[in-house]
Amino acid sequence: MKNLLLEFLCGRVIPIKIVILRDYESLSRQAAMLVAKTVRSNPAAVLGLATGSTPLGLYRDLTEMVQQGFVKFGRVTTFNLDEYYPITRENPQSYYQFMQRHFWEPAGISAARAHSLKGDSDDAAEECLHYEQRIRQAGGIDLQVLGIGINGHIGFNEPGERLQAETHLVSLSGETIAANSRFFEKAADVPGMALTMGVGTIMKARRILLLASGGHKAAAIRETVRGPLTTAVPASLLQAHPRVTVMVDREAGRYLAGRCAP
Ligand code: F6R
């Protein structure tokens, strides 16, 4: 069954557009340009957003573009990819607070338009269903921004035998807990679970922009772009999406042939 699905997907593979930038600064600038252009051509766009270190430069540059009057985010709707579970929205380590600090507030996106999964919901399954509904009601995601884990995860869809299509509760892998412990005092403080959009939710976005920076992401990027489609590298399934751009800096793109864009 699994092989049939992969064969079906492989038959539809469209080459991913790869953009290799000199460094993290150029990567952030190019990514910000792409997001800003999307919003300038559709001020009511629905954006899917990621947290983590990678998009920090993107959010900083977008905020600068807002301050310079190049783009306005007042009419966009946003949906975040994921949130730790359990965690309250007041917790400074929550992705809710991250987004508030780094993007929603400086870019002028009101609470009513900025959606994220509630990490303190009593009923995780209900929260996930409701999130899918809200994305549908908003008309689906126009542009989904993604980072990637060193293990190839997107959102918190961890490598494994199976992946879930829709938003769901997931246990974080030891690798992910170790990688994310840098944001916490100690690894034991990292919540062991998370709510995340599923791979199907991500694949329904009309356009996807995946960002990666640094040599520690190079192998995951190579497998995402050149490897087989496999649940062992969740990001590899993006090869079956018709409109994906992978933007990397030189280090993250070191196993991909190609010249750097300026
Ligand atoms: C964050 C998310 C994760 C991160 C990934 C990379 O919302 O969904 O998949 O994008 O773990 O994290 P950084 O950018 O910190 O290396």
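Counting starts at 1 for both ligands and their atoms, in listed order. FYI, the numbering just counts along the sequence from 1.
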Nearest non-hydrogen protein atom, [atom]:
{"atom": "atom 1 (C) of ligand 1", "answer": "T51 OG1, 3.2 Å"}
{"atom": "atom 10 (O) of ligand 1", "answer": "G147 CA, 3.3 Å"}
{"atom": "atom 5 (C) of ligand 1", "answer": "H153 NE2, 3.4 Å"}
{"atom": "atom 9 (O) of ligand 1", "answer": "G155 O, 2.7 Å"}
{"atom": "atom 6 (C) of ligand 1", "answer": "I148 O, 3.3 Å"}
{"atom": "atom 16 (O) of ligand 1", "answer": "K217 NZ, 2.7 Å"}
{"atom": "atom 14 (O) of ligand 1", "answer": "T54 OG1, 2.5 Å"}

| message | Can you confirm whether or not the ring centre of Y95 sits under 6.0 Å from the ring centre of F183? | response |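 Aromatic pair excluded; centres sit 6.0 Å or further apart.
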Open item on the list: For F103 and F73, I'd like to know if the aromatic rings sit close, meaning centre-to-centre distance below 6.0 Å.
Closed with: yes
Any donor-acceptor N/O pair, [X] side chain to [Y] backbone, under 3.5 Å:
{"X": "R136", "Y": "Y131", "answer": "no"}
{"X": "H241", "Y": "A205", "answer": "yes"}
{"X": "E166", "Y": "G198", "answer": "no"}

(request) Might you work through the side-chain contact (heavy atoms from CB on, under 4.5 Å) test for L237 and N157, ending with a clear yes or no? (result) CA-CA 11 Å; L237 300 187; N157 295 281; over 6 Å; no
Considering the heavy atoms of L81, write down every atom of ligand 1 situated less than 4.0 Å from one of them.
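By the 4.0 Å cutoff, the relevant atoms are 8 (O).
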Within 4.0 Å of some non-hydrogen atom of G52, the atoms of ligand 1 are 14 (O), 15 (O)
E83: heavy atom below 4.0 Å from ligand 1, yes or no?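 So E83 does not count as touching ligand 1.
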(message) When you compare the side chains of S26 and D23, does any donor N or O come within less than 3.5 Å of an acceptor on the partner?
(response) yes
Distance-only donor-acceptor check, side chains T176 and H153, under 3.5 Å: yes
Nearest non-hydrogen contact with atom 8 (O) of ligand 1 belongs to which option: D82, L172, I154?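 Checking each option, the heavy atom nearest atom 8 (O) of ligand 1 is found in D82.
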The answer for which part of R182 has a heavy atom under 4.0 Å from ligand 1 is side chain
